[in-house]
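I have placed the structure first, in the form of structure tokens, so that the comments after it can refer back to it.
Convention: sequence-line order gives letters A, B, ...; per-chain numbering from 1. Note that the structure is a prediction, hence the values are computed from the model and not measured.
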Number of protein chains: 2
Amino acid sequence: MFSIGELSKRTKVKVPTIRYYEEMGLLAEAERTSGNQRRYDKDGLERLSFIRHARDLGFSIEAISSLIELQEHPDRSCEAATDIAVSQLADVREKMKRLKLLEKELTRISKGCDGHGISEDCYVLASLADHELCERDH
Amino acid sequence: MFSIGELSKRTKVKVPTIRYYEEMGLLAEAERTSGNQRRYDKDGLERLSFIRHARDLGFSIEAISSLIELQEHPDRSCEAATDIAVSQLADVREKMKRLKLLEKELTRISKGCDGHGISEDCYVLASLADHELCERDH
DNA sequence: TCTTGAACCTCTAGTCACTAGAGACATTAC
DNA sequence: GTAATGTCTCTAGTGACTAGAGGTTCAAGA
């Protein structure tokens, strides 16, 4: 049995965040000492690692809730879990696509200026003001 | 002179968002009709287009404020604007890097399951629980 | 056993960039 | 003139935390 601080160290999840996850129902309510402090065991550690890993992968709290629900009903099919992962993947790919376009434009923009006065024709500001300068829409 | 709804249509920025930008000081306070409704002209349209474009590129409200400040002091050097764009670019590249790793792992994860019972060994859930299965750290 | 200081508790409020809703007033088209 | 649509302000909610206040508990050393 270890404290919330210890759990925090082991999982690299901040203490207030652990309490937040408990409040959101992602973590079961922890056992308490007589002095009302939370105590965790290996189970709690594993659960929190799961949550952290999923958060790192960009799953929302809501999606993680669903995954945990699935875990607790092993009779159900695994398809639902796969669905969640697939939709997460679609999300990630969409974000990447957008970021690639942004990268291109920002590269172009940030190369344009070389320290002359803004009044003349700062390329950064001009580029932002005038969408026509973009190579593609967004 | 046109209404906030018209401005919203032309810029594709929602009405409450326009009011929010005004409150945040990104947009100057609009002129009003005798009945207290906001009226805009070409200037307002251009300013809002600028803001929208910058937001699309992921600039924060704060960064946009700085850019606007620069615009209003044309005596200053253009370097500051370039700095903001360059730091934005670094940000975008960092995000892309992370997303690439996520994509790889999510692809792996979501291929693993094929509809058997969760109790057996749902690959999605197992992967999230066990970080060792990852090919790289994150 | 006592003391001290770190860690813990709850609660409230703040972050960012909006979004939603209530209830009242203005404008526009017919 | 009336009805529908648009606009106004204000407050509160979103997601996923983070920060701070003010108080209590724990563990280690004397």
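Put simply, CD1 on B:Ile64 is 13 Å from C1' on C:dC16, counting in whole angstrom units. When rounded to the nearest whole Å, the span between CZ of B:Arg39 and P of C:dA26 equals 13 Å. In this structure, A:Met1 atom CE and C:dA7 atom C1' are separated by 17 Å, rounded to whole Å. Rounded to an integer number of Å, the gap from B:Asn36 CG to D:dC10 P is 10 Å. What separates CG of A:Asp56 from P of D:dC17 is a distance of 10 Å, to the nearest Å.
Proximity of a side-chain donor or acceptor of B:Asp41 to a complementary backbone N or O of B:Gly44 within less than 3.5 Å is detected. The closest donor-acceptor contact from the side chain of A:Arg38 to the backbone of A:Arg19 lies at 3.5 Å or more, if one exists at all. Under the 3.5 Å distance criterion, the side-chain polar atoms of A:Ser8 are matched with a main-chain donor or acceptor of A:Val13. Between the A:Arg55 side chain and the A:Phe59 main chain, a donor and an acceptor come within less than 3.5 Å of each other.
The side chain of B:Arg38 contributes an N or O atom lying less than 4.0 Å from OP1 or OP2 of D:dT9. The side chain of A:Ser60 contributes no N or O atom lying less than 4.0 Å from OP1 or OP2 of D:dG15. Between A:Arg32 and D:dC26 there is no side-chain N or O to OP1 or OP2 distance below 4.0 Å. Distances shorter than 4.0 Å separate none of the side-chain N or O atoms of A:Ser3 from OP1 or OP2 on D:dC26.
Counting only heavy atoms from C-beta outward, the side chains of B:Tyr20 and B:Glu22 never approach each other to under 4.5 Å.
Closest to the side chain of A:Ile61, from the set D:dC17, C:dT27, C:dC8, is D:dC17. Checking D:dC26, D:dC8, C:dC18 against the side-chain heavy atoms of B:Arg55 singles out C:dC18 as nearest.
A cation-pi arrangement is found for A:Arg10 relative to A:Phe2, the charged atom lying closer than 6.0 Å to the ring centre and inside a 45° cone about the ring normal.
Shown for residues 8-30 of chain B: residues whose heavy atoms fall under 4.0 angstrom of DNA chain D, namely B:Arg19.
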Discussion item. Between B:Arg32 and B:Gln37, is the side chain to side chain contact (heavy atoms under 4.5 Å, CB included) condition met? List the steps.
Written reply: CA-CA 5 Å; B:Arg32 304 282 183 134; B:Gln37 298 194 354; over 6 Å; no
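A residue-by-residue look at B:Glu62 and B:Gln37 shows that B:Glu62 has its nearest nucleotide of DNA chain C further toward the 5' end. The 5' end of DNA chain D is approached more closely, in terms of each residue's nearest nucleotide, by B:Gly5 than by the other of B:Gly5 and A:Ser34.
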